[in-house]
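Numbers for residues simply follow the sequence, beginning at 1.
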Amino acid sequence: MKLNSLFRGIDISATALRAHRRGMEIVSENIANVNTTRTKDGTPYQKQTPIYTELDATSFKAVMADTVSRVVGTRSGHIRGSNTGSLPSEEGTDGVEVTALRPADQEYRLVYEPSHPDADQQGYVRFPKINILEEMVQLMNISRSFEASVTAMNAAKEMSQKALEI
């Protein structure tokens with residue numbers, strides 16, 4: 001067993017923790033900019049949504065094909081193997097990351113405030129269409145996912161420690 005394989009689970013959990021941290025930052029930016037009516041380009045702030053992407057994913061079909069190809073003893077014709085699949089690389093990086101931000105639709109919340117400096121001719125101000133309750137629920141979901149990743153990392157760490165005791 002290679003030493004890197006002991007830490008693979010920890011590496012995968014670490015990518016999840018980084019992705020969750022970025023997700024929390026994005027939701028925090030949305031909450032902080034709920035009343036931002038003018039950004040650098042002169043438009044109201046647009047809500048951002050993180051897009052999580054799996055890294056170096058090996059398909060189930062490829063893993064299954066490789067596993068079947070390794071079967072030594074079986075009745076002839078019972079399982080048809082092939083050598084086309086491959087297992088995930090020992091050195092590869094699996095996990096998740098935030099690869100892009102998806103801006104929300106260009107919808108704004110119109111509020112009548114004629115004295116506001118960004119009010120239009122009719123006295124309406126365009127605010128970002130951000131629901132604080134939805135953002136808080138999103139923040140709680142990310143927080144729970146973060147805790148689950150920490151639990152997975154601790155389990156991988158304990159298994160690695162037990163393996164080193166052998």
Under the criterion salt bridge (charged side-chain N to carboxylate O under 4.0 Å, His left out), which of Glu107, Glu29, Glu135 is the partner of Lys47?
->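 Exactly one pass, corresponding to Glu135.
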
Determine, stepwise, if the pair Thr15 / Glu54 fulfils side-chain contact (heavy atoms from CB on, under 4.5 Å).
-> CA-CA 10 Å; Thr15 65; Glu54 186 178 10; over 6 Å; no

Shortest non-hydrogen contact from [X] toward [Y]:
X: Gly42; Y: Arg38; answer: CA-CG, 3.9 Å
X: Ala156; Y: Gly9; answer: CB-C, 4.1 Å
X: Ser149; Y: Ala16; answer: OG-CB, 3.4 Å
X: Val125; Y: His116; answer: CG2-CB, 3.4 Å
X: Val150; Y: Leu17; answer: CG2-CD2, 3.7 Å
X: Pro50; Y: Gly23; answer: CG-CA, 4.3 Å

Look only at the side chain of [X] and the backbone of [Y], and say whether a donor-acceptor pair between them is shorter than 3.5 Å.
X: Thr37; Y: Phe127; value: no
X: Asp118; Y: Arg126; value: no
X: Ser145; Y: Asn141; value: yes
X: Thr151; Y: Glu147; value: yes

Would you give the length of the straight line joining atom [atom1] of [X] to atom [atom2] of [Y], rounded to the nearest 0.5 angstrom?
X: Met159; Y: Leu164; atom1: CE; atom2: CG; answer: 12.0 Å
X: Lys157; Y: Ile10; atom1: NZ; atom2: CD1; answer: 8.0 Å
X: Gln138; Y: Asn131; atom1: CD; atom2: CG; answer: 12.0 Å
X: Arg8; Y: Asp11; atom1: CZ; atom2: CG; answer: 9.0 Å
X: Leu139; Y: Ser28; atom1: CG; atom2: OG; answer: 5.5 Å
X: Thr36; Y: Gln46; atom1: OG1; atom2: CD; answer: 12.5 Å

[X] with [Y], same ILVMFWY side-chain cluster at under 4.5 Å:
X: Val137; Y: Phe146; value: no
X: Met140; Y: Ile132; value: no
X: Tyr112; Y: Leu110; value: yes
X: Met24; Y: Val98; value: yes
X: Tyr45; Y: Tyr124; value: no

Are Glu158 and Lys162 ion-paired here, with the side-chain N under 4.0 Å from a carboxylate O?
->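 Looking at Glu158 and Lys162, the cut-off is not met.
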
Could you tell me whether Glu97 and Arg22 have a side-chain N and a carboxylate O separated by less than 4.0 Å?
-> no

Between Met136 and Ile31, is any pair of side-chain heavy atoms under 4.5 Å apart?
-> yes

